[in-house]
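In what follows, a structure is listed as structure tokens, so that the remarks can point back to it.
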Amino acid sequence: MTLYQNDPFNALDAKTEAQKLAFAPIVFHTARTLRDLGILAALDQAGKQGLNAVDIAAKTNVSEYGVKVLLDMALSAHIVTWNKPNYVLANLGYFLANDGMTRANMDFTADVCYAAMMHLTEAIEEGTPAGLKELGDWTTIYEGLSQLPEKAKESWFNFDHFYSDRSFPVLLERVFEGKPKRLFDIGGNTGKWALQCCNHNPDVEVTIIDLPQQIEMALKNADENGFSERIKGYPTNMLDASNSLPTGADVWWMSQFLDCFSPMEILSILRRVRAAMSDDATVYILELFWDSQRYDAAAYSLNATSLYFTCLANGNSRFYRSDDFLEIVKEAGFVVATRTDDIGLGHTLLELKAG
């Protein structure tokens, strides 16, 4: 957190950075267009020698005008360098072209968030996901995930799974150390975690607790993978405090779920879990805390994604600071048995016991 205690810019640098922000949407679309038209890939293949505009145009079927106007902006953005008469891919351009995290983040921003962010001021003022109307007519995005426009749906799930999937191997070992027989997966989404559990352990039974639309997708995936007898659904709206929860699980699991809610909603959910669970059961929470990241780029990405929650998801949730989140956990009647940071791409696993 010491990184944020000092202003890194003098007056001249600050004015320069302000212009970068002013034109940031244009630079974003420049980078994405260069990637999608194959211009970055052509320069990547050319190596340190680079290519001139005529050769790039021939290789990509983009007009010479298009190549030059895009790459001249890319020079200012340090995506490419200039070795007259050739453009050469810079390190930044390399990661735009080849890095999986960058692709997932960029597609999510473009296909899910971009148009919606025009409504951010409205979302902040009203406390509602004012930008969601750009994608569909729902109260929250979770009600409409299965009905999102195809490109937005693909980018949403690619983004979600990119960050969660890389943690699975470590998490499975931890969760199944005690050989649980029944696992409740709250917010199970498409059933990816449930499938991983059934593949990892031949005896476990998983119940996915989620909205009816999500349960439908998850059970379809379970059936297609041969686990319809071991993966069940319990459709409910976790925001409705009057809805009961099932009982009898050895393990309760919530992965990147509670960041979808406001602090008071998280408290309500955790209190209901505490009331329904047995005293010897274990609750695992997998979350991303922006203040627990090893790298500034990770914290930057999480704080940016929090504004997706503000403007699109539900208007009142975010990626939390860990201390704020742990206060809610304590208030709900839990104690933290173990905390493990830096799992996968910056996840934290909390193992909770009844307090």
Problem - Partners meeting side chain to side chain donor-acceptor pair (under 3.5 Å) with Gln147 (sequence neighbours left out) - result: none

Exercise for the section: For Lys153 and Ser146, indicate whether the former's side chain and the latter's backbone hold a donor-acceptor pair under 3.5 Å. Expected result: yes

Practice task
Take Phe325 and Asp259, measure what side-chain contact (heavy atoms from CB on, under 4.5 Å) needs, and give me the verdict at the end.
Solution key: CA-CA 9 Å; Phe325 191 90; Asp259 52 52; over 6 Å; no

Exercise for the section: Say whether, by atom type as modelled, one donor and one acceptor occur between the side chain of Lys192 and the main chain of Gly188 under 3.5 angstrom. Expected result: no

Exercise for the section: Examine the side chains of Asn189 and Tyr142 and answer whether a donor and an acceptor come within less than 3.5 Å of each other. Expected result: no

Problem - Met238 side, atom CE; Ser268 side, atom OG - distance, nearest 0.5 Å - result: 8.0 Å

Problem - All pairs passing salt bridge (charged side-chain N to carboxylate O under 4.0 Å, His left out) where residues 118-138 contributes a residue, at least two apart - result: Glu122-Lys133

Handout entry: With sequence neighbours excluded, residues passing salt bridge (Lys or Arg N to Asp or Glu O under 4.0 Å) with Arg274
Key = Asp279

Handout entry: Donor-acceptor contact present, side-chain Asp291 to main-chain Ser322, <3.5 Å
Key = yes

Handout entry: Nearest-0.5 Å distance, NE2 of residue His29 to CG of residue Asp36
Key = 11.0 Å

Exercise for the section: Say whether Asn98 and Asp44, considering side chains only, have a donor N or O and an acceptor N or O under 3.5 Å apart. Expected result: yes

Practice task
For Asp250 and Lys181, indicate whether the former's side chain and the latter's backbone hold a donor-acceptor pair under 3.5 Å.
Solution key: yes

Exercise for the section: Without swapping roles, check the side chain of Glu287 against the backbone of Leu258 for a donor-acceptor pair under 3.5 Å. Expected result: yes

Practice task
Report, as yes or no, whether the 6.0 Å neighbourhood of atom CZ on Phe168 holds more than 12 heavy atoms from other residues, nucleotides or ligands.
Solution key: yes

Exercise for the section: Would you please indicate if the ring centroids of Phe162 and Phe108 are separated by under 6.0 Å? Expected result: no

Handout entry: Ring geometry between His161 and Phe157 (parallel below 30°, tilted from 30 to 60°, perpendicular above 60°)
Key = tilted

Practice task
Rounded to the nearest 0.5 Å, what's the gap from OG on Ser242 to CG on Asn237? Could you check?
Solution key: 9.0 Å

Exercise for the section: Rounded to the nearest 0.5 Å, what's the gap from NE2 on His119 to OG1 on Thr121? Could you check? Expected result: 10.5 Å

Problem - Common cluster, Ile269/Phe334, ILVMFWY with side-chain heavy-atom separation under 4.5 Å - result: yes

For residues 346-355, dump all side-chain donor-acceptor pairs below 3.5 Å to protein atoms at least two apart in sequence or in another chain.
| unit_1 | atom_1 | unit_2 | atom_2 | d |
| --- | --- | --- | --- | --- |
| His347 | ND1 | Ser167 | OG | 3.3 |
| His347 | NE2 | Gln256 | OE1 | 2.5 |
| Thr348 | OG1 | Asp341 | OD1 | 2.6 |
| Glu351 | OE1 | Thr338 | OG1 | 2.8 |
| Lys353 | NZ | Thr282 | OG1 | 2.5 |

Ignoring hydrogens and angles, write down the donor-acceptor pairs under 3.5 Å from the side chains of residues 195-207, residues two or more places apart or on other chains.
| unit_1 | atom_1 | unit_2 | atom_2 | d |
| --- | --- | --- | --- | --- |
| Asn199 | ND2 | Leu195 | O | 3.1 |
| Asn201 | OD1 | Asp203 | N | 2.8 |
| Asn201 | OD1 | Val204 | N | 3.0 |

Problem - Neighbour count above 12 (heavy atom, 6.0 Å) for Gln19 CD - result: yes

Practice task
Would you name the heavy atoms of Ala74 and Leu34 that are closest together and state the gap between them?
Solution key: CB-CD1, 3.7 Å

Without placing hydrogens or testing angles, list every side-chain donor-acceptor pair under 3.5 Å for residues 53-68, not counting sequence neighbours.
| unit_1 | atom_1 | unit_2 | atom_2 | d |
| --- | --- | --- | --- | --- |
| Asp55 | OD2 | Asn52 | ND2 | 3.4 |
| Thr60 | OG1 | Ile56 | O | 2.7 |
| Thr60 | OG1 | Val62 | N | 3.4 |
| Ser63 | OG | Gly66 | N | 2.9 |
| Glu64 | OE2 | Lys68 | NZ | 3.2 |

Practice task
Evaluate the side-chain proximity of Val283 to Ile285: yes if any heavy-atom separation is below 4.5 Å, no if none is.
Solution key: yes

Practice task
Ignoring hydrogens and angles, state whether a donor on the side chain of Ser292 or Arg339 is under 3.5 Å from an acceptor on the partner side chain.
Solution key: yes

Exercise for the section: Give, for atom OG1 of Thr310 and atom CG of Leu120, the distance between the pair rounded to the nearest 0.5 Å. Expected result: 7.0 Å

Exercise for the section: Using atom types as modelled and distance alone, determine if a side-chain donor or acceptor of Asp107 lies under 3.5 Å from a backbone N or O of Ser155. Expected result: no

Handout entry: Test log, rule side-chain contact (heavy atoms from CB on, under 4.5 Å), inputs Asp160 and Thr190
Key = CA-CA 11 Å; Asp160 183 67; Thr190 60; over 6 Å; no

Exercise for the section: Evaluate the side-chain proximity of Met73 to Phe23: yes if any heavy-atom separation is below 4.5 Å, no if none is. Expected result: no

Exercise for the section: Kindly say whether Phe319 contributes a backbone atom to a donor-acceptor pair with the side chain of Ser306 at under 3.5 angstrom? Expected result: yes

Handout entry: Donor-acceptor contact below 3.5 Å, side chain Asn6 vs main chain Pro8
Key = no

Exercise for the section: Take Trp253 and Leu286 through the side-chain contact (heavy atoms from CB on, under 4.5 Å) test and state the conclusion after the steps. Expected result: CA-CA 8 Å; Trp253 172 262; Leu286 185 71; 4.2 Å; yes

Problem - Stepwise side-chain contact (heavy atoms from CB on, under 4.5 Å) test for Ile266 and Tyr320 - result: CA-CA 11 Å; Ile266 294 172; Tyr320 288 90; 3.6 Å; yes

Problem - Over 12 foreign heavy atoms within 6.0 Å of OH, Tyr94 - result: no

